[in-house]
Amino acid sequence: MKRHITFIFTVIFLSLQYSAAQDNTSYIQCEDTCSHIHGIDLSHYQGEVFWENVGANSKMAYVYLKATEGSTHIDKTYERNIELAHRYGLKVGSYHFFRPKTDLVKQLENFMSQCRPGDQDLIPMIDIESTGGLGTDEFCDSLFKFIGLVEKAYRQKPLLYTYTNFYNKHLKGKIDDYKLMIAQYSDEEPQLADDRDYTMWQYTAKGRINGINTYVDKSRFMGRHSMREIRFKHF
């Protein structure tokens with residue numbers, strides 16, 4: 001009986017060791033093996049962030065923080081995160097999650113209530129992930145009007161964030177004048193259907209960083225692109 005119990009515990013121990021090894025392997029991210037400029041984006045989903053660790057012990061150079069969504073939602077961690085991210089040395093930008101069926105002026109007002117020019121190191125970013133049930137033409141009409149409002153308000157073109165498949169289906173060839181951050185969680189770099197250049201690649205939604213207790217989105221600049229291209233212009 002004792003031998004049987006010992007055998008069972010040995011199997012359990014080895015299984016746990018194997019699982020831990022597999023998890024540690026998954027922590028090896030792009031920034032561990034390349035020299036690109038890397039960063040993260042955060043919202044309340046990451047909970048409390050220990051910025052002193054993020055700033056001192058990671059290779060992250062920038063962070064995009066969720067400021068707002070739609071016409072009324074304000075991310076509850078935004079104010080704290082932007083203050084501490086600056087304090088511990090990261091370049092900071094802010095993003096708005098776009099809702100295509102929601103009043104555009106109210107969305108802009110909501111974003112501007114949080115994304116104050118004096119706090120920004122990087123150009124505003126618009127998070128584009130949903131058509132809201134609209135057809136492509138109607139969705140694009142709403143999106144382009146909102147982009148125009150943001151551009152006029154901040155006097156510079158925003159960075160546009162979307163997924164490879166979403167871009168290929170709805171935005172291909174329509175936003176050539178804007179810098180893109182493309183999300184694709186794979187080992188392969190994104191390939192857009194129109195072969196256009198993009199500035200940044202969000203390559204994982206399961207990144208790990210000392211100071212953040214949850215998974216975090218990580219991104220990096222592509223090829224010749226650098227952070228100076230998305231610096232916020234203070235007029």
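Under the 3.5 Å distance criterion, with hydrogens and angles disregarded, a donor-acceptor pair is assigned to the side chains of Q184 and T164. Checked by atom type, the side-chain pair Y154/Q120 shows no donor-acceptor distance below 3.5 Å. For the residue pair Y167 and D194, a side-chain donor N or O sits within less than 3.5 Å of a side-chain acceptor on the partner. With no hydrogens or angles considered, no side-chain donor-acceptor pair links S186 and E188 at under 3.5 Å.
The minimum heavy-atom distance linking R224 with E229 is given by the pair O-OE2, 4.0 Å. Between S94 and Y64 the shortest heavy-atom distance is N-CD2, 3.6 Å. N168 and A193 make their closest contact through OD1-N, 2.8 Å (heavy atoms, listed as atom of the first residue, atom of the second, distance). Closest approach of R196 to D176, counting heavy atoms only: NH1-CA, 3.5 Å. Nearest heavy-atom pair across L122 and V63 is CD1-O, 4.5 Å. A pairwise comparison of heavy atoms in H86 and D121 identifies NE2-OD2, 2.9 Å as the closest pair.
Put simply, NZ on K218 and NZ on K59 are 9.5 Å apart, with the number rounded to the nearest 0.5 Å. Taken from OG in S130 to NZ in K101, the straight-line distance is 9.5 Å, to the nearest 0.5 Å. Between N213 atom CG and R208 atom CZ the span is 8.5 Å, to the nearest 0.5 Å. Note that OG1 of T131 and CZ of R99 are 11.0 Å apart. Values are rounded to the nearest 0.5 Å. Distance check, rounded to the nearest 0.5 Å: NZ of K169 to OG1 of T162 gives 12.0 Å.
When the shell of 6.0 Å around CD of E79 is examined, it contains 12 or fewer heavy atoms from other residues, nucleotides or ligands. With a 6.0 Å radius and a threshold of 12 heavy atoms from other residues, nucleotides or ligands, K106 has its NZ atom at or below the threshold.
Listed for the S71 side chain is no donor-acceptor partner under 3.5 Å among the backbone atoms of T102. Not a single donor-acceptor pair under 3.5 Å links the side chain of S142 to the backbone N or O of F139.
Side-chain heavy atoms closer than 4.5 Å link hydrophobic residues (I, L, V, M, F, W, Y) into clusters, and following such links, possibly through other members, connects M227 to Y198. Criterion: ILVMFWY side-chain heavy atoms under 4.5 Å apart, direct or through other members. Under it, I74 and M125 are not part of a common hydrophobic cluster. Tracing side-chain contacts under 4.5 Å through hydrophobic residues (I, L, V, M, F, W, Y), one never reaches F50 starting from L84; they form parts of separate clusters. Transitive grouping of hydrophobic side chains (ILVMFWY, heavy atoms separated by less than 4.5 Å) brings L160 and L134 into a common cluster. Note on V150 and I175: same hydrophobic cluster, where clusters join Ile, Leu, Val, Met, Phe, Trp and Tyr whose side-chain heavy atoms are under 4.5 Å apart, directly or indirectly.
Side-chain contact between D197 and H225: present, with at least one pair of heavy atoms (C-beta onward) separated by less than 4.5 Å. Contact of the K174 side chain with the F144 side chain is registered, since non-hydrogen atoms from C-beta on lie closer than 4.5 Å. H38 has its side chain within reach of Y203: a pair of non-hydrogen atoms, C-beta onward, lies under 4.5 Å apart. A heavy-atom distance below 4.5 Å is not found between the side chains of H36 and F221. At a threshold of 4.5 Å between non-hydrogen side-chain atoms, the residues F235 and Q156 count as touching. Contact check for F98 versus F111: no side-chain heavy atoms found under the 4.5 Å cut-off.
Checking L159, L180, I182 one by one against M200, the side chain to side chain contact (heavy atoms under 4.5 Å, CB included) holds for a single residue, L159.
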When the side chains of residues 39-46 are checked against the rest of the protein, which donor-acceptor pairs come out under 3.5 Å, sequence neighbours left out?
from	atom 1	to	atom 2	distance (Å)
D41	OD2	Q202	NE2	2.5
S43	OG	Y45	N	3.3
H44	ND1	D75	OD2	2.9
Q46	OE1	S43	N	3.0
Q46	NE2	Y215	O	3.1

* Derivation of the side-chain contact (heavy atoms from CB on, under 4.5 Å) call for R155 and K233 -> CA-CA 8 Å; R155 301 170 66 187; K233 296 181 178 67; over 6 Å; no
* Asked: Where do L65 and V92 land on the side-chain contact (heavy atoms from CB on, under 4.5 Å) test, with the steps shown first?
  -> CA-CA 7 Å; L65 299 172; V92 183; 3.8 Å; yes
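With a 6.0 Å cutoff to the six-membered ring centre and a 45° limit on the axis angle, K91 does not count as a cation-pi contact of Y62.
Here F166 and H170 bring their ring centres to under 6.0 angstrom of each other. A distance below 6.0 Å separates the ring centres of H96 and F146.
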